J.: 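Take a look at this one; I'll ask things after.
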Number of protein chains: 2
Amino acid sequence: MNSSRQPHTTDTAAAAGPRGAAFLLAQIGAHAAERFAERVGHLGLTPADVGLLRMIAGRPGRSQRALAEDLGVVPSRVVTLIDGLEGLVERRRSAEDRRNYELHLTAEGGRTLGAVSRAAAAHEDALLAALDPDQRALLLGLLERVAAEQELTPGVHPGYRARG
Amino acid sequence: MNSSRQPHTTDTAAAAGPRGAAFLLAQIGAHAAERFAERVGHLGLTPADVGLLRMIAGRPGRSQRALAEDLGVVPSRVVTLIDGLEGLVERRRSAEDRRNYELHLTAEGGRTLGAVSRAAAAHEDALLAALDPDQRALLLGLLERVAAEQELTPGVHPGYRARG
DNA sequence: TATTGTTATACTCTATAACTATA
DNA sequence: TATAGTTATAGAGTATAACAATA
């Protein structure tokens, strides 16, 4: 809209930009994370809390250091996260090596995780309201292929590092 | 794994949790955003910068306040963002109302946006490496339906608020 | 008095590094 | 000396609020 040559305008090269699948994935993904954060926020949890609870439930007895590695965060952050889960997670000193803790869910932690699962189911349903069951299955299959090829660790996503 | 009743374990209700489409969307979305950030980082830009450039290119002459609204951020943040786009974006005082600026891309800004588009195309291709052209089209269609039903504004996503 | 853009301040979040205890 | 966990400090990033110019 000005000088001699027009380096571009919104031409062909822009096709993969804000209208491509990659952009939509990022946009919908961020939206999904926000909505999920709202839902678990009603339970007094952040998405990071949920990730931690799930990880502990899946493999009880792990140390904080092991969790830090799996989450891709620094050990000191795990301290803060677990401090915020008072009453849901229990720290037991290991008998074998009393330097580290073994992490377990309390009974209330288990109930809370159940509530999280119900929230996740409602979230899933609301997010995919536009699709019928067949389409949902189709989408799931495509996403699984992409996730596997991109070598994304099942059950953990970078968003665990923040959000509220 | 302990007391009387087992409130849950990893039973049916957890089905929509870390294995559902909503979770995968959030996970892949965050991954996509990170990879895109890396690519445009080589151009000296953040994803937020890119969003701003695209928005200005799409509708030149807008004011900073208008952009702030569309991006969903506070006006003072737009000041910071535009300050970081020295040489790519031009502020022209409006003749009609000299309080506000009219924002335009410079020639270099246009060239940079062209480079961004090429980066986005490469990003798209790498992210969807697991899918053939038909599957990509299928995925795109499904995502478009979801985005429309969720009333996501085309071209802007919440991730513009941060990242690097 | 209301509005655009700017600057100054405060707040939140996270990582880095120093520290304690166990080994 | 090395490692698990904790605490203290500092850094990045963002919003809130006070400010100057124009209407």
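Remember, it's a predicted structure, so these values are computed and weren't measured experimentally.
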J.: Pick the closest DNA chain C nucleotide for A/A95 and for B/R99 by heavy atoms, then say which residue is nearer the 5' end.
T.: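 Mapping each residue to its closest nucleotide by heavy atoms, the 5'-most match is B/R99.
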J.: Would you indicate which nucleotide in D/dA15, D/dA4, C/dT3 comes nearest to any side-chain atom of B/V74?
T.: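 For the B/V74 side chain, the nearest candidate turns out to be D/dA15.
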J.: Taking the side chain as every heavy atom from C-beta outward, state whether B/L88 and B/D49 have any pair of such atoms under 4.5 Å apart.
T.: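 In short, these two side chains do not touch, never coming nearer than 4.5 Å.
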J.: Taking atom P of C/dT4 as reference, at what distance in whole Å does atom CG of B/L103 sit?
T.: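 Whole-Å distance recorded here is 13 Å.
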J.: To the nearest Å, how far apart are A/R92 CZ and D/dA4 C1'?
T.: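 After rounding, the reported distance stands at 18 Å.
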J.: After noting the C-alpha distance and the side-chain angles of A/R54 and A/V116, does the key distance pass the side-chain contact (heavy atoms from CB on, under 4.5 Å) rule?
T.: CA-CA 10 Å; A/R54 282 175 170 160; A/V116 166; 4.2 Å; yes
J.: Within this structure, what is the CG-to-P distance between A/N100 and D/dA2, rounded to whole angstrom?
T.: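 Going from CG in A/N100 over to P in D/dA2 covers 19 Å.
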J.: Quick one: are A/I82 and A/Y101 in side-chain contact, heavy atoms under 4.5 Å?
T.: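 The answer is no, as the side chains (C-beta and beyond) never meet within the 4.5 Å cut-off.
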J.: Can you tell me how far P of D/dA4 sits from CD1 of A/I82, to the nearest Å?
T.: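 Taking CD1 of A/I82 and P of D/dA4, I get 14 Å after rounding.
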J.: So what does B/R91 touch, heavy atoms closer than 4.0 Å: a base, only the sugar-phosphate, or nothing?
T.: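 Sugar-phosphate contact only - B/R91 comes under 4.0 Å of backbone atoms but never of a base.
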J.: Picking from D/dT22, D/dA4, C/dG5, which would you name as closest to the side chain of B/Y101?
T.: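 So the nucleotide nearest the side chain must be C/dG5.
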J.: Counting heavy atoms from C-beta on, name the nucleotide in C/dG5, D/dA21, D/dT6 closest to the side chain of A/P75.
T.: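 The listed nucleotide nearest to A/P75's side chain is D/dT6.
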J.: Rounded to whole angstrom units, what separation is found between the CD atom of B/E69 and the C1' atom of C/dT3?
T.: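 Taking atom C1' of C/dT3 as the reference, CD of B/E69 is at 12 Å.
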J.: Roughly, in whole Å, what's the span from CZ in B/R98 to P in C/dG5?
T.: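 Atom-to-atom, B/R98 to C/dG5, this comes out as 14 Å.
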J.: Would you indicate what B/S76 reaches in the nucleic acid, counting non-hydrogen atoms under 4.0 angstrom: base, sugar-phosphate, or nothing?
T.: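 B/S76: base contact, heavy atoms under 4.0 Å.
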J.: Tell me, with the steps shown, if B/R91 and B/L103 meet side-chain contact (heavy atoms from CB on, under 4.5 Å).
T.: CA-CA 5 Å; B/R91 287 188 244 229; B/L103 298 174; 3.7 Å; yes
J.: Should A/L139 and B/L139 be marked as a side-chain contact (heavy atoms from CB on, under 4.5 Å) after you check the CA-CA gap, both sets of side-chain angles, and the distance that decides it?
T.: CA-CA 7 Å; A/L139 175 64; B/L139 176 63; 3.7 Å; yes
J.: B/D83 or B/R65: which one's nearest nucleotide on DNA chain C is closer to the 5' end?
T.: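 Looking at DNA chain C, the more 5' nearest nucleotide goes with B/R65.
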J.: Let me know the distance between CD of A/Q64 and P of D/dT7, rounded to the nearest Å.
T.: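 Interatomic distance, CD of A/Q64 to P of D/dT7: 11 Å.
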J.: Could you state the CG-P distance from A/D97 to D/dT3, rounded to the nearest angstrom?
T.: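 Atom-to-atom, A/D97 to D/dT3, this comes out as 12 Å.
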